[in-house]
Q: 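Before I ask anything, let me first share the structure, which is written out below as structure tokens.
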Amino acid sequence: MFIGWLKYRDVPNVVEIANSVGWLSDGFHLNLMLKHSPHLCYGAYAGDELIGAVLALEFENSAMIKYLMVKPTYQKQGIGKRLFETLVHVLKPEYEHIYLHANPKLQNFFESYGFEKKIEVGRYLNVGKVPPFHFNNAHAKELEGTNFDAVIQKIDHETFGEYRLAFLEDEMERNSSLRFALSNGFQHSSVISARNIYLGPWQVENGHEEEAVKLMKGVLYFRGLRRIYADIPLNQPHVVSLYESFHFKKEETFYHMAIGKEHIKFENIYAFSL
């Protein structure tokens, strides 16, 4: 077994591993990670077979680790540990803030590398059961009439305290992307499989919850007959109550864990990126 940089030809196999271990992912997203941070995307290989992977994205001052995973038949052999150590040894000298979303079962593993639990993240799902609400063409025009690029540039920088647009703009240019914006918030959703929609990123400035309600109605109006997933900060009651009022149910819980300085305004986040 050896560790090497992932290649574009590995993407279908990474998606297959992700599906086998329960990660939400798709080829479009993984290809973008390889495009933007190829030096932070590693695979574990047994001969020519890809048996595990870990990927990270770099931003202006931070890096986000994603998709630490190993094929089920190769687990409990130290492969995930080797992948993670390879990546972390690259990241720690370069970035003042490194973060990830962890399965609670791996909390002790990540803590052994200096990560601290910051908040809980809930994966919420709506399966097409939504309460009655009023929405018409005038509402749709309002959501589509604001300058999306200007809003995301302003609010994402306020939320994360750094420049992240290069990746986000590419991620939100899928054929299936649905993008809405109001004066104080933006929302993106996309198709990630035949049955599933992923809602995120979605951010609204704190104190403008009425805009969040409008954005929720918009995505449910256009996407509401599909399965809609969203990963949300559970330490924000106004976010949790909005999802639950529209019949989303919590399916899983993850931990947002981090090393270093963190400037994230979780109160602005209604859904994390994929």
Side-chain angles (χ1 to χ4, degrees), residues 18-26 29 64-69 99-111 115-133 135 159-160 171 176 178 180 185-206 208-258 262 264-274:
N19 290 336
S20 72
V21 299
W23 278 110
L24 280 179
S25 184
D26 70 347
H29 183 74
M64 181 177 187
I65 299 174
K66 308 185 78 171
Y67 307 125
L68 174 61
M69 53 193 176
Y99 59 102
L100 52 82
H101 289 170
N103 184 314
K105 295 178 181 179
L106 294 178
Q107 179 180 0
N108 292 339
F109 172 81
F110 291 120
E111 286 178 341
F115 286 82
E116 297 180 3
K117 176 186 171 183
K118 301 297 184 179
I119 67 164
E120 293 186 352
V121 176
R123 173 157 292 167
Y124 273 66
L125 172 65
N126 186 291
V127 294
K129 298 179 180 178
V130 300
F133 61 85
F135 192 88
T159 301
F160 284 89
E171 172 71 3
S176 64
L178 181 64
F180 293 140
F186 71 89
Q187 181 196 79
H188 171 260
S189 63
S190 60
V191 178
I192 59 169
S193 71
R195 298 179 60 209
N196 299 323
I197 303 292
Y198 189 83
L199 174 54
W202 176 9
Q203 298 170 27
V204 178
E205 289 180 314
N206 192 32
H208 295 278
E209 286 78 11
E210 76 287 350
E211 291 194 7
V213 174
K214 291 180 180 180
L215 291 163
M216 176 66 88
K217 289 180 178 179
V219 72
L220 290 176
Y221 181 80
F222 287 101
R223 305 281 205 188
L225 298 179
R226 308 282 286 277
R227 293 164 56 88
I228 304 175
Y229 287 94
D231 294 332
I232 74 172
L234 294 180
N235 67 333
Q236 301 299 320
H238 62 288
V239 176
V240 174
S241 64
L242 175 62
Y243 276 88
E244 293 183 348
S245 70
F246 281 90
H247 297 181
F248 280 77
K249 303 293 184 183
K250 187 173 70 173
E251 296 284 297
E252 298 179 73
T253 300
F254 303 101
Y255 294 161
H256 177 97
M257 303 185 71
E262 185 162 68
I264 299 175
K265 291 186 175 181
F266 291 105
E267 62 269 26
N268 287 358
I269 297 176
Y270 282 77
F272 289 95
S273 301
L274 182 62

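Hydrogens, waters and symmetry mates are skipped; everything else that's a heavy atom, side chains included, is used. For this chain, numbers begin at 1 and follow the sequence in order.
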Q: Hey, what do you get for CD1 (Ile65) to CE (Met257), rounding to the nearest 0.5 Å?
A: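 So the CD1 of Ile65 and the CE of Met257 are separated by 11.0 Å.
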
Q: Could you walk me through whether Tyr243 and Phe248 satisfy the ring-ring contact (aromatic ring centres under 6.0 Å, His included) test, starting with their C-alpha distance in whole Å, then the side-chain angles of each, then the deciding distance to 0.1 Å, before giving a yes or no?
A: CA-CA 5 Å; Tyr243 276 88; Phe248 280 77; 4.9 Å; yes

Q: Around Glu116, counting heavy atoms of other residues, nucleotides and ligands shown, do more than 12 lie under 6.0 Å from its CD?
A: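 No, because the 6.0 Å sphere around CD of Glu116 holds 12 heavy atoms or fewer from other groups.
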
Q: Only distances under 3.5 Å count here; give the side-chain donor-acceptor pairs of residues 267-274 to other protein atoms, sequence neighbours excluded, each with its distance to 0.1 Å.
A:
residue : atom : partner : partner atom : Å
Asn268  : OD1  : Asn206  : N            : 3.0
Asn268  : ND2  : Glu158  : OE2          : 3.0
Asn268  : ND2  : Thr159  : OG1          : 3.2

Q: Would you find more than 12 non-hydrogen atoms of other residues, nucleotides or ligands less than 6.0 Å from Lys117 atom NZ?
A: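 Enclosed: over 12 neighbouring heavy atoms sit under 6.0 Å from NZ of Lys117.
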
Q: List for me each residue that meets side-chain contact (heavy atoms from CB on, under 4.5 Å) alongside Pro131, sequence neighbours excluded, and say none if there are none.
A: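 Partners of Pro131 under the side-chain contact (heavy atoms from CB on, under 4.5 Å) test: Phe246, His247.
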
Q: Say you draw a straight line from CG of Asn126 to NZ of Lys249; how long is it, rounded to the nearest 0.5 Å?
A: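 Nearest 0.5 Å value for the CG-NZ distance: 9.5 Å.
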
Q: Could I get the full list of ring pair (Phe, Tyr, Trp, His ring centres under 6.0 Å) partners for Tyr255, not counting sequence neighbours?
A: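 For Tyr255, no residue satisfies ring pair (Phe, Tyr, Trp, His ring centres under 6.0 Å) once neighbours in sequence are set aside.
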
Q: Looking only at non-hydrogen atoms, find the nearest pair between Ala258 and Tyr99 and report the distance.
A: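 Smallest heavy-atom distance, with atoms named: CB-CB, 4.0 Å.
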
Q: Taking side chain to side chain donor-acceptor pair (under 3.5 Å) as the definition, give me every residue that meets it alongside Glu171, ordered by chain and number, with sequence neighbours left out.
A: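 Side chain to side chain donor-acceptor pair (under 3.5 Å) check on Glu171 returns His29, Arg174.
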
Q: For the backbone of Leu125 and the side chain of Glu251, can you confirm whether one donor and one acceptor N or O come within less than 3.5 Å of each other?
A: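 Between the backbone of Leu125 and the side chain of Glu251 there is no qualifying donor-acceptor contact (under 3.5 Å).
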
Q: Could you pull out every donor-acceptor pair under 3.5 Å between side chains of residues 221-230 and any protein atom, sequence neighbours left out?
A:
residue : atom : partner : partner atom : Å
Arg223  : NE   : Ser189  : OG           : 3.0
Arg223  : NH2  : Ser176  : O            : 2.5
Arg223  : NH2  : Ser189  : O            : 3.0
Arg223  : NH2  : Ser189  : OG           : 3.4
Arg226  : NH2  : Ala194  : O            : 3.1
Arg227  : NE   : Asn196  : OD1          : 3.1
Arg227  : NH2  : Tyr229  : OH           : 2.6

Q: Could you tell me whether the side chains of Asp231 and Tyr198 share a donor-acceptor contact shorter than 3.5 Å?
A: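 Per modelled atom types, Asp231 and Tyr198 side chains form a pair under 3.5 Å.
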
Q: Could you tell me which non-hydrogen atom of His101 sits nearest to which non-hydrogen atom of Trp23, and how far apart they are?
A: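 So the two residues come closest at O-CH2, 3.9 Å.
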
Q: What's the verdict on side chain to side chain contact (heavy atoms under 4.5 Å, CB included) for Leu220 and Phe133, showing C-alpha distance, side-chain angles and the deciding distance?
A: CA-CA 10 Å; Leu220 290 176; Phe133 61 85; 4.0 Å; yes

Q: Nearest heavy-atom pair of Val213 and Leu242: which atoms, and what distance?
A: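 Looking at all heavy atoms of both residues, the shortest contact is CG2-CD1, 3.9 Å.
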
Q: Please find the pair of heavy atoms, one from Tyr124 and one from Leu234, that lie closest to each other, and give the distance.
A: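 Shortest heavy-atom contact: CE1-CD2, 3.8 Å.
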
Q: Holding to side chain to side chain donor-acceptor pair (under 3.5 Å), I want the full list of residues that pass it with Lys214, two or more places apart in sequence or in another chain.
A: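 Lys214 satisfies side chain to side chain donor-acceptor pair (under 3.5 Å) with Glu142 only.
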
Q: Could you work out, with side-chain contact (heavy atoms from CB on, under 4.5 Å) as the rule, every residue matching Glu252, not counting sequence neighbours?
A: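 Glu252: side-chain contact (heavy atoms from CB on, under 4.5 Å) contacts with Arg123, Phe254.
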
Q: Applying salt bridge (charged side-chain N to carboxylate O under 4.0 Å, His left out), name anything that partners Glu205, two or more places apart in sequence or on another chain.
A: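 Partners of Glu205 by the salt bridge (charged side-chain N to carboxylate O under 4.0 Å, His left out) criterion, ordered by chain and then number, come out as Lys154.
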
Q: Please list, chain by chain and in numerical order, all residues satisfying side-chain contact (heavy atoms from CB on, under 4.5 Å) with Ser241, sequence neighbours excluded.
A: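 With neighbours one apart ignored, the set is empty.
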
Q: Just verifying a value: how many Å separate Met216 CE and Phe180 CZ, rounded to the nearest 0.5 Å?
A: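 Here the interatomic distance stands at 12.5 Å.
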
Q: Going by side chain to side chain donor-acceptor pair (under 3.5 Å), name the residues that satisfy it together with Asn103, two or more places apart in sequence or in a different chain.
A: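 Partners of Asn103 under the side chain to side chain donor-acceptor pair (under 3.5 Å) test: none.
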
Q: Once you round to the nearest 0.5 Å, how far does OG of Ser25 lie from CG of Asn19?
A: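 Those atoms lie 8.0 Å apart.
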
Q: Between atom CD of Glu120 and atom CG of Asn235, what is the distance when rounded to the nearest 0.5 Å?
A: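 Reported value, rounded in 0.5 Å steps: 9.0 Å.
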
Q: Which heavy-atom pair separates Asp26 from Ile192 by the least distance, and what is that distance?
A: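 It is CB-O, 3.6 Å.
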
Q: Test side chain to side chain contact (heavy atoms under 4.5 Å, CB included) on Gln203 and Phe160 and set out the steps.
A: CA-CA 11 Å; Gln203 298 170 27; Phe160 284 89; 3.5 Å; yes

Q: Under the side chain to side chain donor-acceptor pair (under 3.5 Å) rule, collect the residues that match up with Glu209, sequence neighbours excluded.
A: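 Side chain to side chain donor-acceptor pair (under 3.5 Å) check on Glu209 returns nothing, list empty.
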
Q: Provide the full list of salt bridge (charged side-chain N to carboxylate O under 4.0 Å, His left out) pairs with a residue in residues 188-199, sequence neighbours left out, each pair given once.
A: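 Those involving residues 188-199 do not exist here.
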
Q: Does any N or O in the side chain of His188 come within less than 3.5 Å of the main-chain N or O of Gly200, such that one atom is a donor and the other an acceptor?
A: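 It does hold such a pair.
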
Q: Rounded at 0.5 Å granularity, tell me how far CG in Leu106 sits from CG in Leu68.
A: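 Answer for the CG-CG pair, Leu106 versus Leu68, is 7.0 Å.
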
